[in-house]
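Sequence positions, counted from 1, serve as the residue numbers for this chain. Because the structure is a prediction, the values reported are computed rather than measured. Side chains are part of it too, since the values below use all heavy atoms of this structure and drop only hydrogens, waters and symmetry mates.
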Amino acid sequence: MLYIGIDLGTSAVKLLLMDGDGTVKNIVSREYPLEFPHPGWSEQRPKDWYRETMQGIKELLRGFSGDDVAGIGFGGQMHGLVILDADDNVIRPAILWNDGRCGEECAYLNEEIGRQTLSAYTANIAFTGFTGPKLLWLKKHEPENFARIRKMMLPKDYLVYRLTGAHCTDVSDASGTLLLDVKNRRWSKEMCGICGIAEAMLPKLYESYECVGTVLPEIASELGIRAGVKVAAGAGDNAAAAVATGTVGDGRCNISLGTSGTIFISSAKFGADKNNALHAFCDANGAYHLMGCMLSAASCNKWWTDAILGAKDYGKEQARIAALGENHVYYLPYLMGERSPHNNPNARAAFIGMTMDTTREDMTQAVLEGVAFALRDSFEVAKSLGISVERTKICGGGAKSPLWKRIIANVLNIKVDVPETEEGPALGAAMLAAVADGAYATVEEAAAKIVKAADTVEPDAELAGKYEARYRQFCNIYPSCKALFDKLNRLSEF
């Protein structure tokens, strides 16, 4: 049997074909546009996701028999708001996870409703990327669109709906809406009331590995697959990536270096950070996880290399970097504001420390180190909660860089395990489809049989010591800039 994993990313949809033993047979990627209608805003059109996904599935299956496809699973960008009218038509472009327009709404939720109240209802506080604040923004600024809403869903769930006709989501993705009672894995009636929506507008909840339906006959015919192919609920991108790296069970860690960057720590039991610097979410295997998320990670390197340097060869740009732990240039990686742990949509990226002898390589190195330092900010929060992490898995586009993996291992001073098959959420989604089809009894069983480590990057004591001193310096920069960021944001409003 064959299983399709679909990762609906921010810049492209990645499709993966896996057999029942976990061997990857084919991979396809198709891009679609990202729109920035206002500074700090980020939108996409769901029709673009659907078009490229359908074309991608057809391309993925060339040379394979569609009759062998037994299941489809999804991973995808979290938090995005997709709204449908009474005829299930998309009302407006989706407002994405890295959109920063909801600052006022988050302030209202966190300060007037109150952080303690929000945490009691959802185990989390409001962040600008979350879905609940987007609803409040829509209610205030686009009341005519808000009034038309009959169903709302998350990005990957729109694809599930188009393929199956089911209005559904999974608990891991729903955890990032600020509408889910995470501890009890159900929608929060209180949060629905605060956001002014009826619970009937929300999709039906499933565990990530559950079958939500089968591919519609007309879609199956168009794709050249047999009728009755099962579709798994899937998971938010980070939860799906954790499945792909075997980060399931208690006390395991995964770092994702995608467009965003995350530290993901799995837990058998529910637990929340009392300061809410880390998110407390449901996991893809029926348990829970803590997650620190920075909004710009590999996207920082892409921006710097592609847009600023005008280069495309990432390896070449990094090849001449040699003096690790000695760079005098620092970089704040807040291109789209920041979530964990600062929760500040006004934060902005910045270089500091340049001199007349600063080189192109110094700047590139600063970008890689700045992302690693920002990941450590969340790692430090986890340590303050008494969580001990001695090693981590790593995935995402940035994890293809040997230099970046070495920097992260030494900045965090932990072992970094590199999976043999590093395909992130798309592989995790295919594994969830295999569980939904019954090929594996549990997500843990699938991970144990499929996921293998190819390499381990170990920290060097001397270099880790140098990075310790550099990180302490890095920690001073954001607090010194915060008031300036807030002031610059106020000025930009005029």
Side-chain angles (χ1 to χ4, degrees), residues 8 42 46 74-84 91 94-102 105-106 108-110 113 115 117-139 146 149-161 167-208 212 233-240 260 262 270 272 276 278-284 288-291 293 295 339-340 343:
L8 185 71
S42 182
F74 290 84
Q77 49 170 301
M78 296 178 68
H79 315 303
L81 177 63
V82 181
I83 50 174
L84 307 182
I91 294 172
I95 305 175
L96 301 190
W97 61 273
N98 56 352
D99 186 286
R101 76 184 69 184
C102 301
E105 289 72 23
C106 286
Y108 162 74
L109 289 167
N110 289 329
I113 301 299
R115 287 173 169 82
T117 300
L118 293 177
S119 190
Y121 292 157
T122 72
N124 295 281
I125 59 172
F127 290 80
T128 52
F130 282 10
T131 321
K134 292 179 173 69
L135 285 166
L136 288 175
W137 183 92
L138 203 69
K139 186 177 182 181
F146 186 85
I149 299 174
R150 293 298 177 269
K151 286 290 181 183
M152 59 154 287
M153 56 186 63
L154 295 155
K156 75 171 189 344
D157 304 326
Y158 178 74
L159 296 180
V160 175
Y161 160 70
H167 295 107
C168 62
T169 192
D170 79 287
V171 289
S172 77
D173 214 356
S175 295
T177 62
L178 202 69
L179 298 169
L180 188 77
D181 175 353
V182 171
K183 183 178 181 180
N184 295 302
R185 306 171 96 85
R186 64 191 180 200
W187 294 119
S188 167
K189 288 181 170 55
E190 294 86 354
M191 288 307 301
C192 287
I194 289 169
C195 292
I197 61 169
E199 191 173 344
M201 295 178 180
L202 297 171
K204 184 178 178 180
L205 287 167
Y206 289 86
E207 293 294 336
S208 299
V212 301
D237 51 6
N238 289 292
S260 61
T262 60
F270 171 78
N276 298 112
L278 300 181
H279 308 322
F281 286 171
C282 296
D283 212 350
Y288 299 91
H289 66 267
L290 290 172
M291 184 173 72
C293 178
L295 295 181
R339 191 185 297 176
S340 301
N343 191 17

May I ask you to test the M152-L179 pair for a side-chain heavy-atom distance under 4.5 Å?
-> yes
**Asked** So, does N343 use its side chain to make a donor-acceptor pair with the main chain of A126 at under 3.5 Å?
**Response** yes
Worksheet item: Just by distance, do the side chain of S175 and the backbone of C282 share a donor-acceptor pair under 3.5 Å?
Response: yes
request  = Please examine the side chains of T177 and L202, heavy atoms only from C-beta on, and report whether any two atoms are closer than 4.5 Å.
outcome  = no
- Task: Dump the intermediate steps for side chain to side chain donor-acceptor pair (under 3.5 Å) on D170 and S172, then the final yes or no.
- Result: CA-CA 6 Å; D170 79 287; S172 77; 2.4 Å; yes
Short side-chain to backbone donor-acceptor contact, Y121 and L178, under 3.5 Å
no
Point to revise | Aromatic ring proximity, centroids under 6.0 angstrom, F127 and H279 | key: yes
In terms of heavy-atom contacts, Q77 and D237 come closest through CA-OD2, 3.6 Å
Closest non-hydrogen atoms of L136 and I194, given as atom of the first, atom of the second and distance, are CD2-O, 3.7 Å
Taking every heavy atom of A284 against every heavy atom of A235, the minimum-distance pair comes out as CB-CB, 4.1 Å
Between K134 and D99, does any side-chain N to carboxylate O distance fall below 4.0 Å?
no
Residues F146 and L138: closest non-hydrogen pair is CB-O, 4.0 Å
Would you say that V182 contacts Y288 through its side chain, given a criterion of any heavy-atom pair below 4.5 Å between the two side chains? yes
D181 side chain to R186 backbone, donor-acceptor under 3.5 Å:
no
Looking only at heavy atoms, the pair that brings L118 and L109 closest together is CD1-O, 3.4 Å
### Query
Do V171 and E207 come within less than 4.5 Å of each other through their side chains, counting heavy atoms only?
yes
Quick check: do W97 and M78 have side-chain heavy atoms less than 4.5 Å from each other?
no
Checking T131 side chain against H79 main chain: does a donor-acceptor pair fall under 3.5 Å? yes
